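Data block below; observations after.
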Amino acid sequence: MEYKLKKGNIELAVLGKGAELLSLKKDGVEFMWERNAEFWGKSSPILFPFVGSLKDNKYKFEGKEYTIETRHGFGRDSEFKLVEEGEDFLKFLLKATPETLEKYPFNFELYLTYKINNEKVDMIYEVINLDDKELYFSIGAHPAFATPVNEDIKLEDYYLELNEKETADIFQNEGALLKKEKKAYLKDENIIKLGKDVFNDDAIIFKGLKSNKVAIKCTKSSRVLEMDYDKFPFMAFWSVPNAPFVCLEPWYGLSDYSDASGELTEKEGIEKIKDKFTAKLSISMEV
């Protein structure tokens, strides 16, 4: 099922499956990726309760082994329920079920709220622990924004602009997992140029950037999209080679390292809560 929201010059459409943002328009101009399966058939999956891949699709907790075969957990493939709506927001809920407890032994509630805030859109993630024990989880966003091309504008005309100059390394991928050894990427700079070969080695993943905002810009267009991802410890950028979109992915969590022990409590970037966790992204657009 598809849910729609409009306030002022901002329009949203959200799927019940995965509470996935399908459309985001300002003044009638679409900013989301069109979900063309030739490149990638998603637009904005939620990553929960894990970000990325588990080693051998397994992990251990309190002496028991669990299997999750899908990358990025199961939230993106689950049906969320619309539990509240108003003139400027839609609020969705995913709850633990007997099926989720078989592969993820925590009693949780996961809320995802979309709120039109003046000319911005806020995406608010809330994880609530309903157990007496601590809840271990990761969560992340994966929105894909269009980078339209035509005879005059090419992929190479687009770039990402961070709001701080960075000297930062990135993780190295080893298949679907990560190596512990990082490699140099930015040196006192805040621009990442896009193009067909930028993501040949999969996602570009940073940890602990000074920046808390990133914008998609174009040298031949006034079209701008900016994301405020304050407090997210990891930031990733990804696309399919030669595809006219780019994903801005703030994360609480990472794929396993290739030498990971499999113990959930030892997992890099894992979060744990006794009661409640909240994180917010803000997206603004210029045309």
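From a predicted model like this one, the values you see are computed outputs, not experimental measurements.
Between the side chains of Ser23 and Glu11, not a single donor N or O lies within less than 3.5 Å of an accepting N or O. The closest side-chain donor-acceptor pair between Asn117 and Asp122 falls under 3.5 angstrom.
In this structure, Leu186 and Glu189 approach most closely via the heavy-atom pair CA-OE2, 3.4 Å. Between Glu119 and Lys26 the shortest heavy-atom distance is OE1-NZ, 3.1 Å. Here the shortest heavy-atom pairing between Ile124 and Thr278 reads CG2-CG2, 4.0 Å. Among all heavy-atom pairs drawn from Asn129 and Ile273, the shortest one is ND2-O, 3.1 Å. Heavy atoms only, all atoms of each residue included: Glu20 and Ser43 are closest at OE2-N, 2.7 Å. Between Asn150 and Asp152, the shortest heavy-atom distance links the atoms OD1-N, 2.7 Å.
Residue Trp40 shares its hydrophobic cluster (ILVMFWY side chains chained together at separations under 4.5 Å) with Trp33, Phe39, Trp238, Val240, Phe245.
A salt bridge between Asp201 and Lys179 is absent, with no side-chain N of the basic residue lying under 4.0 Å from a carboxylate O of the acidic one. The residues Glu126 and Lys276 are annotated as salt-bridged, a charged nitrogen and a carboxylate oxygen being separated by less than 4.0 angstrom. Salt bridge present: Asp77 and Lys42 bring a charged side-chain N and a carboxylate O closer than 4.0 Å. Under a 4.0 Å N-O distance rule, the pair Lys55/Glu174 does not qualify as a salt bridge.
Figure legend: cation-pi geometry between Lys207 and Phe234 absent, as NZ or CZ is not positioned both under 6.0 Å from the six-membered ring centre and within 45° of its axis. For the pair Lys231 and Tyr252, the NZ or CZ position fails the cation-pi test of under 6.0 Å to the six-membered ring centre and within 45 degrees of the ring normal.
Within 6.0 Å of NZ in Lys196 there are 12 or fewer heavy atoms belonging to other residues, nucleotides or ligands. In this structure, Lys210 places its NZ atom where more than 12 heavy-atom neighbours from other residues, nucleotides or ligands lie under 6.0 Å away. Environment of CD in Glu69: sparse, with no more than 12 heavy atoms of neighbouring residues, nucleotides or ligands closer than 6.0 Å.
Leu22 and Leu225 end up in different hydrophobic clusters when Ile, Leu, Val, Met, Phe, Trp and Tyr side chains are linked at under 4.5 Å.
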| task | Evaluate the side-chain hydrogen bond (donor to acceptor under 3.5 Å, both in side chains) criterion for residues Thr265 and Glu263: first the C-alpha distance (whole Å), next the side-chain angles of each, then the deciding distance (0.1 Å), finally the verdict. | result | CA-CA 6 Å; Thr265 57; Glu263 289 288 346; 4.7 Å; no

